[in-house]
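Okay, so here's the structure we're looking at.
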Amino acid sequence: MGLKHVTTVEQLADKKLLSTLMARAAELQAMPLHEYPKPLQDLTICTLFFEPSTRTRLSFETAIQNLGGHLISVENAGTSSSGVKGETLEDTIKTINCYADGIVIRHPEVGSAEEAAKVSDVPIINAGDGAGLHPTQGLLDLYTIQKSKGKIDGLKVAMVGDLLNSRCVHSLVELLALYKIELFLLAPPELKIPESYLKLLKKEGITYHEYEKWEDVIGKVDMLYMTRVQKERFKFIEDYRAIKDSYILTLDLVKQMKKDAIIMSPLPRVNEIEFSIDSDPRAIYFQEVRNGLYARMALLEHIFAN
Amino acid sequence: MGLKHVTTVEQLADKKLLSTLMARAAELQAMPLHEYPKPLQDLTICTLFFEPSTRTRLSFETAIQNLGGHLISVENAGTSSSGVKGETLEDTIKTINCYADGIVIRHPEVGSAEEAAKVSDVPIINAGDGAGLHPTQGLLDLYTIQKSKGKIDGLKVAMVGDLLNSRCVHSLVELLALYKIELFLLAPPELKIPESYLKLLKKEGITYHEYEKWEDVIGKVDMLYMTRVQKERFKFIEDYRAIKDSYILTLDLVKQMKKDAIIMSPLPRVNEIEFSIDSDPRAIYFQEVRNGLYARMALLEHIFAN
Amino acid sequence: MGLKHVTTVEQLADKKLLSTLMARAAELQAMPLHEYPKPLQDLTICTLFFEPSTRTRLSFETAIQNLGGHLISVENAGTSSSGVKGETLEDTIKTINCYADGIVIRHPEVGSAEEAAKVSDVPIINAGDGAGLHPTQGLLDLYTIQKSKGKIDGLKVAMVGDLLNSRCVHSLVELLALYKIELFLLAPPELKIPESYLKLLKKEGITYHEYEKWEDVIGKVDMLYMTRVQKERFKFIEDYRAIKDSYILTLDLVKQMKKDAIIMSPLPRVNEIEFSIDSDPRAIYFQEVRNGLYARMALLEHIFAN
């Protein structure tokens with residue numbers, strides 16, 4: 001049985017499904033453009049973004065068109081007519097159901113994609129719901145690890161920065177928990193990963209460590225996942241000032257990493273990864289972006305070819 | 001002879017033409033996606049929206065692509081470069097004539113679509129001009145009545161709410177006046193339908209009634225067309241407060257309706273139709289949205305296949 | 001060898017290349033729509049606009065789709081997520097490289113397109129970089145002269161208005177300097193063409209004249225290129241008031257022009273060309289817009305068919 005909606009990471013959290021999707025993403029990535037399958041031929045997909053997001057929207061829109069679909073798009077539904085006039089999300093979704101055969105939604109509120117799926121006859125794909133989840137980011141990150149390291153089991157993986165709020169971290173951790181990994185969680189006290197994720201890790205028997213200092217992590221891991229520590233997350237500005245430079249990845253830190261480690265990031269970057277690191281072959285965050293295109297194509301094909 | 005521009009409802013107000021368009025819409029609606037005709041193949045259509053409108057824009061954009069056309073789009077021309085730099089509508093239209101084979105325009109000013117048509121060599125389709133007209137909404141509403149009730153002649157039709165300002169009401173009334181209907185106009189004194197429409201109804205020999213209370217209408221009609229009463233339309237806030245809940249369609253009211261009546265609305269809805277009504281089979285406003293796609297496809301085909 | 005990036009006018013400033021592109025533009029313009037070549041088949045092109053521009057964006061988007069390409073678009077990247085979150089232009093370009101096979105960029109800062117090209121593996125086309133350059137506008141203007149007058153060599157050409165800031169004027173002058181023309185520069189003292197362009201003209205042996213009054217220019221030239229004099233360019237409002245009506249093209253002035261002269265403008269127009277002039281066959285600024293579509297198609301074909 002194939003997927004219909006992809007609103008939570010849980011719907012993807014199946015090793016056989018993930019393995020199928022990652023294998024297919026790799027096939028698509030190796031394929032000449034003109035050989036792409038066209039499972040979306042004659043179909044219309046709507047990208048419905050209540051907050052603008054260049055990266056994720058363009059990734060989906062390229063994937064949709066590569067697979068033969070027509071595109072209708074709302075770049076910023078938050079300021080659009082229906083939004084302004086006070087229409088509920090449910091009514092917006094029921095309306096777009098009348099035009100589109102699938103909806104890719106980004107929305108600032110946690111749970112909004114699931115709300116959308118409840119009233120939608122066509123597949124809903126969650127492209128980020130506030131501080132909630134970002135399932136396709138989790139998928140593309142997992143695919144990136146598999147593709148770069150050739151495996152997931154056995155890896156030592158570090159998550160760095162704002163582990164409290166990052167939906168990308170939460171989505172990836174939930175998928176990684178299916179594999180035999182060791183997890184290093186590097187964050188300031190204010191931004192530690194929520195307890196619910198620690199519970200999940202325990203339940204799945206994953207060894208994890210919570211640290212605050214680079215020295216406990218940097219030389220040990222096979223993968224480093226960088227997120228940004230934002231000032232507005234701190235109650236007291238002094239707390240932020242005290243640690244603000246501690247979670248920036250510098251060239252000096254990279255020198256201490258394993259030779260075959262990889263550095264990942266959901267981007268966009270502000271200053272959390274020094275620009276001089278980009279030319280290091282371990283820095284694969286732009287490959288990660290490209291992998292995302294193929295992971296999303298594989299997912300869309302899976303949903304719509306079923 | 002086919003239509004070129006569709007800027008006024010008058011251009012559609014021909015029973016033979018309407019009958020042709022509605023029959024074609026029904027054919028398209030019954031057709032598998034891959035059998036759609038492609039009269040717009042190799043053509044470019046511009047959706048030029050000076051105010052954002054998710055619903056109408058996406059409806060046209062789906063229709064255009066279903067018929068094989070390329071799409072260029074301005075989601076919010078009011079804030080775009082040419083608008084900001086002070087270009088006239090005429091110059092904008094003459095410019096887009098250089099790229100597009102047809103223009104779907106929404107503009108906040110009454111008469112703007114007709115102004116556009118005067119300087120346009122390519123078809124102009126009015127997708128709403130302020131408090132003016134919305135001809136394709138009129139067409140899709142008429143098609144919805146025909147499709148749901150199997151006929152238009154002989155029906156008792158109610159228009160409810162802001163009959164003074166609703167371009168959807170005005171557009172539909174102008175088309176309904178061609179048929180043998182009986183019209184129930186339910187509105188507060190401040191928002192009665194303009195005298196010009198009453199004149200039209202008299203001229204066409206349509207029996208109509210103006211009421212202020214549901215009890216005069218609710219049990220008698222075959223179709224109820226709901227629009228919203230907006231606070232900002234009232235001079236005195238007390239006048240608004242006095243009637244504000246009077247023009248909301250409640251479940252209790254629906255219980256008093258004929259068993260085979262239909263409830264329509266141009267949407268978006270704020271609170272003028274209780275959400276619990278949606279599951280009643282008489283509530284067909286989302287079918288109405290879908291019908292709009294096919295009505296617009298039929299109209300575009302008619303214009304561009306000629 | 002073909003072009004890769006087109007970020008400066010210099011890259012186009014080759015008479016053989018220009019001749020090839022203009023001949024091809026003319027072929028495309030004479031071709032039935034269904035015969036357009038499809039060099040962009042299966043490719044994705046991104047229109048990345050950091051400031052909105054209806055005219056230029058729609059022109060490129062029509063050209064891209066005419067040539068078979070898929071389109072992904074950012075209408076106003078300045079307010080989009082990545083922009084807001086503070087991503088550098090370099091990171092944005094490297095990201096879009098992961099999706100698109102070419103990028104058409106408009107950006108408010110001089111030199112931004114060249115910055116983009118430095119980090120881009122896919123072709124970058126400059127669609128205007130602030131007060132910098134607008135190479136495809138230069139190309140389409142040159143093509144318009146060639147198409148209307150049948151030649152460029154030997155013509156007397158006038159540039160009028162804001163010669164200091166207009167990137168369209170600068171781009172066209174740089175291309176015209178390759179030909180044997182005589183140049184009339186008509187501008188207020190505050191808005192004279194930058195010294196660097198005069199140096200270029202001298203180096204290329206172009207005869208030029210700097211004037212402030214219409215009477216020195218109007219009856220003598222074969223082509224008049226109109227730009228707008230904007231209030232905000234003046235230090236003292238009195239200086240602006242003193243000349244503000246002097247650089248408006250009136251019907252009276254047009255009467256003094258040669259019978260076979262042409263009037264061009266990059267548009268949009270505010271009040272610098274009287275509307276009554278539009279019906280004069282010498283006013284070809286809307287033909288110029290249409291020519292732009294074919295000049296851009298020829299350029300895109302040249303870049304992507306190589």
Side-chain angles (χ1 to χ4, degrees), chain B residues 38-52 54 57 61 64-65 67-107 115-116 118-122 304-305, chain C residues 29 31-36 38 47 49-71 73-76 78-79 106 108 127-128 140 228 230 265-273 275 278-279 283 285-294 296-297:
Chain B
K38 301 293 179 199
L40 299 183
Q41 194 79 53
D42 299 316
L43 300 185
T44 299
I45 309 293
C46 182
T47 50
L48 177 65
F49 278 60
F50 285 84
E51 346 172 90
T54 303
R57 184 172 62 80
E61 293 187 357
I64 289 162
Q65 294 185 96
L67 298 175
H70 296 146
L71 186 65
I72 55 177
S73 181
V74 187
E75 258 196 64
N76 198 353
T79 62
S80 82
S81 154
S82 304
V84 168
K85 290 180 192 161
E87 189 178 62
T88 62
L89 177 62
E90 283 76 5
D91 276 9
T92 300
I93 295 297
K94 281 156 103 176
T95 295
I96 296 179
N97 262 258
C98 299
Y99 311 136
D101 304 287
I103 300 172
V104 177
I105 184 173
R106 164 159 299 188
H107 195 282
E115 286 306 306
K118 278 183 199 155
V119 297
S120 180
D121 292 327
V122 304
F304 288 96
Chain C
Q29 193 155 4
M31 204 176 273
L33 299 183
H34 67 274
E35 288 182 13
Y36 288 152
K38 303 292 179 198
T47 50
F49 277 60
F50 285 84
E51 345 172 90
S53 161
T54 303
R55 188 177 322 278
T56 305
R57 184 173 62 80
L58 296 186
S59 177
F60 271 109
E61 293 187 357
T62 306
I64 288 162
Q65 294 186 96
N66 279 349
L67 297 174
H70 297 147
L71 186 66
S73 181
V74 187
E75 257 196 67
N76 196 354
T79 63
R106 163 157 300 188
L140 78 87
R228 192 153 24 96
Q230 293 175 279
S265 157
L267 304 176
R269 140 175 70 183
V270 176
N271 67 344
E272 68 275 23
I273 302 173
F275 287 86
D278 292 12
S279 54
Y285 23 88
F286 289 106
Q287 293 171 42
E288 192 181 347
V289 175
R290 189 181 298 266
N291 294 340
L293 173 62
Y294 301 100
R296 288 181 175 124
M297 284 174 68

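Order of the sequence lines fixes the chain letters, A, B, ..., with proteins taken first and strands second; residue numbering starts at 1 for each chain. Since the model is a prediction, treat every value here as computed from it, not as a measurement.
- Rounding to the nearest 0.5 Å places OG1 of Thr62(C) at 12.0 Å from CG of Leu43(B).
- Taking each heavy atom of Gln65(C) and Ile72(B) in turn, the nearest pair found is NE2-CG2, 3.9 Å.
- A distance-only check finds a donor-acceptor pair linking the side chain of Arg290(C) to the backbone of Asn97(B) [under 3.5 Å].
- Although no hydrogens or angles enter the test, the distance criterion places a donor-acceptor pair under 3.5 Å between the side chain of Tyr99(B) and the main chain of Arg55(C).
- Here Phe286(C) contributes atom CZ and Ile93(B) contributes atom CD1; the two are 10.5 Å apart, rounded to the nearest 0.5 Å.
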Under the criterion side chain to side chain contact (heavy atoms under 4.5 Å, CB included), I'd like the reasoning laid out for His70(B) against Leu71(C): C-alpha separation, chi angles, the key distance, then a yes or no. CA-CA 10 Å; His70(B) 296 146; Leu71(C) 186 66; over 6 Å; no
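- Rounded to the nearest 0.5 Å, atoms SG (Cys98(B)) and OH (Tyr294(C)) are 9.0 Å apart.
- Using a 4.5 Å cut-off between heavy atoms, Tyr36(C) does not touch chain B at all.
- For residues 57-71 of chain C, the salt bridge (charged side-chain N to carboxylate O under 4.0 Å, His left out) pairs, not counting sequence neighbours, are Arg57(C)-Glu61(C), Arg57(C)-Glu75(C).
- Considering only heavy-atom pairs separated by less than 4.5 Å from chain B, the leading option among Leu293(C), Leu58(C), Asn271(C) is Leu58(C).
- Of the residues listed (Asp91(B), Ile96(B), Thr95(B)), the one engaging Val289(C) in a side-chain contact (heavy atoms from CB on, under 4.5 Å) is Thr95(B), and it is the only one.
- The two residues Leu33(C) and Asp42(B) have their closest heavy-atom pair at CD1-O, 3.5 Å.
- Asn66(C) touches chain B through backbone and side chain together, each having a heavy atom under 4.5 Å away.
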